[in-house]
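What follows is a single structure, written as structure tokens, with notes after it.
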Amino acid sequence: MVDDGMENSIEELNSRFPGSSLRFVQGKNGLVCCRISNAFGKANVYLQGAHVVSYCPHGKDEVLWMSPESMFEPGRAIRGGIPICWPWFGPHPGDNRFPQHGFARTCPWAVRAVLDTDHSTELFLGLLDDEHSRRFLDGRFDARYRVSVGSELTVELSVTNTGTDPLRSVGCALHSYFAIGDVTKAYVEGLEDIEFLDKLSGQKVTQSGRIAISDEVDRVYSAAPDPIRLIDNVKERMILVSSQGSQSTVVWNPWIEKSKRMTDFPDDGYQSMTCIETANALKDVRTIQPGDTHVIAQTIRLADLSGYEPGKK
Ligand code: BG6
């Protein structure tokens, strides 16, 4: 069962949400997938984890990176696309038996609504607290996720505290994996002069210049400038990432050894991906008071490199 008292059966979903731009199908390993296709592009969203696994504006190459070795197993995180890390980022701060990056990415989400507008198709998913969530988080919540597919992609997580006590230290990451031609010919721009925690050394460092990736990178930057640009000199495009409700950004590339250690990740996968995550991490975790809502969002769009000058917005 998923929350809202509805089964995620494909037949029932297609009859509840008829429409030409969207269809529910059986995805990999039998998991339910929502296929969106409209005048602007295409996207696939798995209900497990409310997980966007593909986004492709018309006439362009795929924007998100997906691991060909992702298992798509019920209850197991999908590797690639946009996992939702919530209600904590990384290891649980108090109990290392709890799953890394929270439970939202492995739960089945309910479909609440679908909306076609002039410039996008919007899918609204929901997750409520239940017995499972209360094993990890002592509180009540209503989490809503909006996936808006147009000439840009927006994912927006809104969490309302429906209980009587504050939800404290709530962490999050919209953990986008971006597809790039060759990591050694790509750069991340926009985070210059910002302090970051290097999770590998435990040191705080200030970013000097744009980020070139030539080794494992696992960093939490203490700001979310708008936009961050992922420059791809092979695909001759840039991916622009804008964040809302966030004051922290994670940049991650596992590089050679960690790629080998991950069972659902190809050994050479690090060459064609990099994550830029809109986060609420470290000091940016949030307290949500009873009745209050916290909204965090990421918008992704493509631009070509014509007229692009390194370091210039
Ligand atoms: C990143 C973290 O956000 O996610 C890394 O900063 C972590 O430390 C990576 O390795 C992947 O996490 P997971 O749980 O999906 O393997």
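First listed ligand is number 1; within each ligand, the first listed atom is number 1. Side-chain atoms are counted along with the backbone in the values below, which use heavy atoms only and exclude waters and symmetry mates.
Contact shell of ligand 1 (protein heavy atoms, cutoff 4.0 Å): R79, F89, Q100, H101, R105, H175, K199, D218, V250, W252, K258, E277.
Between F98 and F136, the ring-plane angle classifies as perpendicular under the 30° and 60° cut-offs.
The closest side-chain donor-acceptor pair between T278 and S243 falls under 3.5 angstrom.
Considering only heavy atoms from C-beta on, L167 stays 4.5 Å or farther from P87 through its side chain. V53 places none of its side-chain heavy atoms less than 4.5 Å from the side chain of L64.
Around atom CZ of R168, no more than 12 heavy atoms belonging to other residues, nucleotides or ligands sit under 6.0 Å away. A 6.0 Å sphere centred on CG of D138 holds no more than 12 heavy atoms belonging to other residues, nucleotides or ligands.
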